[in-house]
Structure formats: C-alpha cells, structure tokens
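First comes the structure, then the notes that go with it.
Atoms within a ligand are numbered from 1 in the order they appear, just like the ligands themselves.
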Amino acid sequence: MPGEIKGLNEECGIFGVWGHPDSAQLTYYGLHALQHRGQEGAGIVTTDGKQMKLHKGHGLINEVFSQNQLQELKGHASAGHVRYATAGDGGYENIQPLVFRSQTGSLALAHNGNLVNAHALKSQLEGQGSILTTTSDTEVVAHLIKRARHLPLDEAIMEALSMIKGAYAFLLMTEDQMFVANDPRGLRPISLGQMGDAWVVSSETCGFDVIGATHEREVKPGELVVISNEGVEAKRYASPIQRTLCSMEYVYFSRPDSNLDGKNVHASRKRMGKALAKEAPVEADVVTGVPDSSISAAIGYAEESGIPYELGLIKNRYVGRTFIQPSQELREQGVKMKLSAVRGIVEGKRVVMVDDSIVRGTTSRRIVQMLKDAGASEVHVRIASPPIKNPCYYGIDTANSGELIASNRSVEEIEEQIGADSLTFLSPDGLNEAIYQGEESIEHGGCMACFTGNYPTEIYPNTAHPYEKL
Ligand code: AMP
Ligand code: SF4
C-alpha cells in the first residue's frame, strides 16, 4: 500500500546533550556506545541557540561523521540517533533526527520505538490536509505537535503524546529547549544523566559512562522532561500505569554494561543462564556461548551446572550483527562470516551451546552444524529466553509470525530443524524471576508479549505487521 506506515522496527538509540560547548562531539561518543542499537544510519542535529545544523547519513556512526563534519556542528546542545530499520524503510529521509523548519523556528525529533496507532493518525492527518513526506511514525508526531501550535510548546507536545499509542522514547529539540518523553508504560529505556552543568540523555546508561557523565535517573513512564538553560522540569502527561519495560532489552538488545531500572544487564543475563541450568540440566563436557550477546548467560549456565565454560565459538569482530543483512540469503552468509567453532576446544566433546534467543532459527541451525563439523560429539542447545511466538509491535525486529520458527512449531520440531541433540528454552517465569528477582516481579513485570502473546497495549490494524490478525 503506497504511503503506508510499516512498523519501522526502530530499535534505535537516542543520545542528547544540553549545555556543553562540545555537545556534538559528546553526542558522537555517546552514539558510538549505542551503536549496537542500530547500524543502518546515524544523525546529529546541533543548535547554537539561533539555528540548527543537521548531519545524517547511512551507515555506522564513524562512517557518517568525519572530524570536519563534527566541527561544523557547533553549539551548546545536540540530539543524536542511531537507526535500525528493516528493508524498505531505510531511505535517507527516514534517518533521524528529523528536523522540521518553520518561520517560528526548528523542531528536531528522534524516536526509539513504534507507534501502534500511527497508521490511523496518519490517515486522519492526511484527511485534514497535512502532507507527510516520510514513512516514519516520527513525522506523524511532528504534525500532531504542529496542529497544537496555539499552545505553548510543552503543552503542544503533551497534547500530541496523549494521542499516540505504543512504545516510544522521544528526544525533541528546539533552539532553546530539549524535551525527553517516555511512553506511559515505559516500554523502551531512556535515562537522564549529568556532566558538570550539562544534561545528558541516553537510551542506555553505557552512553553516560563513555563520556564520564553520571546517571541521574530513568525518564519515568508518562513523563515529559523539559531541559533548558533555566534547568530541568519534569511534567506528567499521562497517569502512571504499571511499567512494562521490554524484556528483550535484558535478553538481547541492551549492552551488558548498561543498567536498566538499576539492574545490570550482564548480571541479569547471568541469572537467566543459571535459571536455565536449573530448569534444563544436561550431562556435558563444556559450555559455550554465542558471542557476544550470549556470553553472560553461558557463564551463568556454567557456574550453576559446574560444567566448565570454554571459548568454543569465536566471533569476527568486524562483521556487523546478523540482522543487518536485509535478505535471508545474505543473513545466512553473514552467520558464516561472523562465527567460527574452535576445533581444539569442541572436538570429541559434549557441548552445551547457550544462546540468548531464537528468532528465525537460522543462527542456531548454522551454529549446531558448525560445532558438529568441528568434531563436537553432541550439541545441546539451551536458550536463555522463552520461544518467541508472537511479533513485536513495539519497535524490536523479532520478525513477523510467518518467519518466527517458534510461532507454529513445538520445541521438539525446532530441535529437529536445528539439528540439536537436545533443545530447551527458559520458561517465562524463569525469565521474569531472573530479571526481577522475586517480590519485585509482581509489581514491575516487564513486557513479554513476544513470548506470551499478552500485549500491554491495544494493537490496531495496520501496525507493525499489517497483514497479521490478532
Ligand atoms: P535467528 O537466526 O533469526 O534465530 O536469530 C537469533 C539470533 O539473533 C540470536 O542469537 C540473538 O542473539 C539475535 N537476536 C535476537 N533478537 C534480535 C533482534 N531483535 N534483532 C537482531 N538480532 C536479534
Ligand atoms: Fe520487547 Fe517482546 Fe515486548 Fe516487543 S513484544 S517490547 S520485543 S518484550
């Protein structure tokens, strides 16, 4: 459908700095730390209080920016974005931040997440005469803000936010203010930090560490934080609902050195591995993890089971994440380029291969084969999350139902397809317990919809995967 908003699967990274003369350079470093959240495009917009300058492009952050380009971006405040998008949505115009210029000034927007009612809002806006130039949800929000321009800007933003539904962390910037918003359920992470007198915004806390900023706090669900030279003011545009932070942030997406809601990601993954060893013990000689995202869970499995952890798989650092490859065929080639099995470690051994998740099943099948080709006598696959049976409508590319290997297959069928001697997934309760450790889980259970089908928001027709019935 032309002009249709496809769920952009923007599992992106957002970084911003307010009140520092080197704001663009710091944003560049911050985005570098968030590079794992998106490798398809990057952009930084900077303001000196009078005008905004934007530079963006396709590729990794160090491909998009040269030192000269960064020096052009002079100003005390910057907003940046690294972008992940699936095939077809990767046009230049969709690379963020998006900047909307008008006679009264400019508005820059960067977004992480996915709006479930973007399609309905877009039709409504077009019906009222708005012309939308990108296929991005973010533009819908800019138009909603523009429509409320009779109000002071903070109120216009809150009015727009109250109309959108889904998962979002937003960073907005004008020449004299920066705004950070989190959706009413806090599905995506977004935090505030400080560096001397400057304020810093980052999707993950690892972005603060890289520039020596301190983490102040999470932006709360339903909160709009306004940052200006006058200081920081927190406003609430939606009443608090139970926070349902995305569990896949803990399982796979966030960097192990980040803390989400005060919980270290590596430590959480280790607990997932330990829980998996308790739920699914197996007699074996070595435990190995699929680098990098599964190493923490594999260490946990080894620690709990007493089976030694070994480096059975080695990653070639210079190949990007498997999912960046747009087609299945390229993805399969990508897996081969990325990983090698270490014959000296696995030959003649019964290997426990721990991975964080199975999405399409391509990775597990290839790795099992790789380990067997390198002489492993048995390969027992242990997955540190439950089977992904349902699509994500909140900005994580977990594929659509048709592509998800677990959507209509039993564990035994998947085991056979990937050629493993045995296969077990962590239970949903085991995952919840590993993240929230006991009491807390009752109050702060995160989103687990891709595992359980229990979506924390309404899902509208034509959201991320328009052809799927719910
Ligand atoms: P697959 O081959 O499709 O089963 O991919 C599974 C692998 O992709 C796992 O090893 C994960 O580390 C990784 N993964 C899980 N979720 C995602 C995601 N949303 N985007 C990119 N990679 C992912
Ligand atoms: Fe995260 Fe899954 Fe929920 Fe999407 S459906 S927000 S990937 S837990």
Side-chain angles (χ1 to χ4, degrees), residues 7 9-12 36-40 84-86 112-114 116 166-169 183 185-189 243-254 256 260 269 289-298 313 315 320-326 328 330-332 334-336 338-339 353-368 381-401 403-407 409 414 417-418 423 425 428 431-432 435 445-457 459 463-465 470:
N9 297 321
E10 289 185 9
E11 22 183 87
C12 308
H36 60 287
R37 299 184 70 86
Q39 299 105 355
E40 282 194 4
Y84 176 110
T86 47
N112 172 208
N114 189 49
V116 293
Y168 53 88
D183 74 66
R185 286 181 173 77
L187 274 146
R188 304 259 74 88
R243 175 152 203 198
T244 52
L245 178 63
C246 165
S247 301
M248 279 301 282
E249 290 280 353
Y250 286 101
V251 169
Y252 166 77
F253 211 51
S254 291
L260 298 168
R269 287 182 188 162
V290 183
D292 292 318
S293 49
S294 308
I295 304 284
S296 309
L313 293 161
K315 183 179 173 183
R321 284 187 170 192
T322 330
F323 268 55
I324 310 163
Q325 319 292 348
Q328 182 74 0
L330 282 174
R331 253 197 300 275
E332 299 205 7
V335 177
K336 262 188 264 166
K338 259 175 77 174
L339 287 172
M353 190 273 268
V354 178
D355 203 353
D356 54 87
S357 53
I358 292 187
V359 182
R360 298 171 175 90
T362 320
T363 312
S364 310
R365 194 179 64 231
R366 298 219 148 241
I367 295 173
V368 169
V381 177
R382 294 293 178 270
I383 303 296
S385 59
I388 298 177
K389 291 171 176 287
N390 312 285
C392 175
Y393 294 91
Y394 306 125
I396 294 277
D397 177 21
T398 49
N400 60 57
S401 290
E403 293 171 308
L404 291 169
I405 192 170
S407 74
R409 286 180 192 82
I414 302 170
Q417 277 217 355
I418 66 172
L423 166 69
F425 291 85
L431 174 61
N432 207 40
I435 300 173
C447 175
M448 301 241 271
C450 48
F451 310 120
T452 61
N454 187 9
Y455 292 94
T457 71
I459 301 294
T463 49
H465 302 289
L470 283 171

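Under a 4.0 Å criterion applied to the non-hydrogen atoms of Met248, ligand 1 contributes the atoms 16 (N). Short contacts between ligand 1 and Ile358, defined as distances under 4.0 Å to a heavy atom of the residue, involve ligand atoms 4 (O). In the vicinity of Ser247, heavy-atom distances shorter than 4.0 Å reach the ligand 2 atoms 8 (S). Atoms of ligand 1 lying under 4.0 Å from any heavy atom of Ser293, numbered from 1 in the order shown and given with element: 12 (O). In summary, the atoms of ligand 2 found under 4.0 Å from a heavy atom of Ile396, numbered by their order in the structure, are 7 (S). Residue Tyr394 approaches ligand 2 through these ligand atoms, each under 4.0 Å from one of its heavy atoms: 6 (S). Listed by number with element, the atoms of ligand 1 under 4.0 Å from a non-hydrogen atom of Thr362 are 1 (P), 2 (O), 4 (O).
Only the side chain of Asp355 comes within contact range of ligand 1, with a heavy atom under 4.0 Å; no backbone atom does. Contact annotation for Asp356 and ligand 1: only side-chain heavy atoms (C-beta onward) come within less than 4.0 Å of the ligand. With a heavy-atom cut-off of 4.0 Å, Ile396 touches ligand 1 through its side chain alone.
Remark: Ile414 CD1 to Ser364 OG distance equals 9.0 Å, nearest 0.5 Å. One finds the CE atom of Met448 at 7.0 Å from the CD1 atom of Ile435 (value rounded to the nearest 0.5 Å).
In this structure, Arg188 contributes its side chain and Tyr394 its backbone to a donor-acceptor pair below 3.5 Å. Remark: the backbone N or O of Tyr252 is paired with a side-chain donor or acceptor of Arg269 at under 3.5 angstrom. No donor-acceptor pair under 3.5 Å is formed between the side chain of Arg185 and the backbone N or O of Thr244.
Taking only nitrogen or oxygen atoms, main chain and side chain alike, Arg360 reaches within less than 3.5 Å of ligand 1. Between Phe253 and ligand 1, no pair of N/O atoms sits closer than 3.5 Å. Among the atoms of Thr363, some N or O lies under 3.5 angstrom from an N or O of ligand 1.
Taking 2.8 Å as the criterion, Cys246 does not count as a coordinating residue of atom 3 (Fe) of ligand 2, since none of its N, O or S atoms falls below it. Put simply, Cys450 stays out of reach of atom 4 (Fe) of ligand 2, with no N, O or S atom under 2.8 Å from it.
Considering each of Gly361, Ser357, Cys392, the one bringing a non-hydrogen atom nearest atom 4 (O) of ligand 1 is Gly361.
Under the 4.5 Å side-chain criterion, counting only non-hydrogen atoms from C-beta, Pro291 is in contact with Leu313. Two residues are said to be in side-chain contact when any heavy atoms from C-beta on lie closer than 4.5 Å; Phe253 and Arg37 meet this criterion.
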**Test side chain to side chain contact (heavy atoms under 4.5 Å, CB included) applied to Met248 and Ile388, step by step** = CA-CA 10 Å; Met248 279 301 282; Ile388 298 177; 4.2 Å; yes
**Prompt:** So Ile405 and Val359, side chain to side chain contact (heavy atoms under 4.5 Å, CB included) or not? Walk me through it.
**Reply:** CA-CA 6 Å; Ile405 192 170; Val359 182; over 6 Å; no
**Message:** Working note: Arg365 + Arg360, criterion side chain to side chain contact (heavy atoms under 4.5 Å, CB included); need CA distance, chi angles, decisive distance, verdict.
**Reply:** CA-CA 10 Å; Arg365 194 179 64 231; Arg360 298 171 175 90; over 6 Å; no
**From CA spacing to verdict: side-chain hydrogen bond (donor to acceptor under 3.5 Å, both in side chains), Tyr393, Thr457** = CA-CA 9 Å; Tyr393 294 91; Thr457 71; over 6 Å; no
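The nearest heavy-atom contact from the protein to atom 8 (S) of ligand 2 is Cys447 O, 3.0 Å. Considering only non-hydrogen protein atoms, atom 4 (Fe) of ligand 2 sits nearest to Cys392 SG, 2.3 Å.
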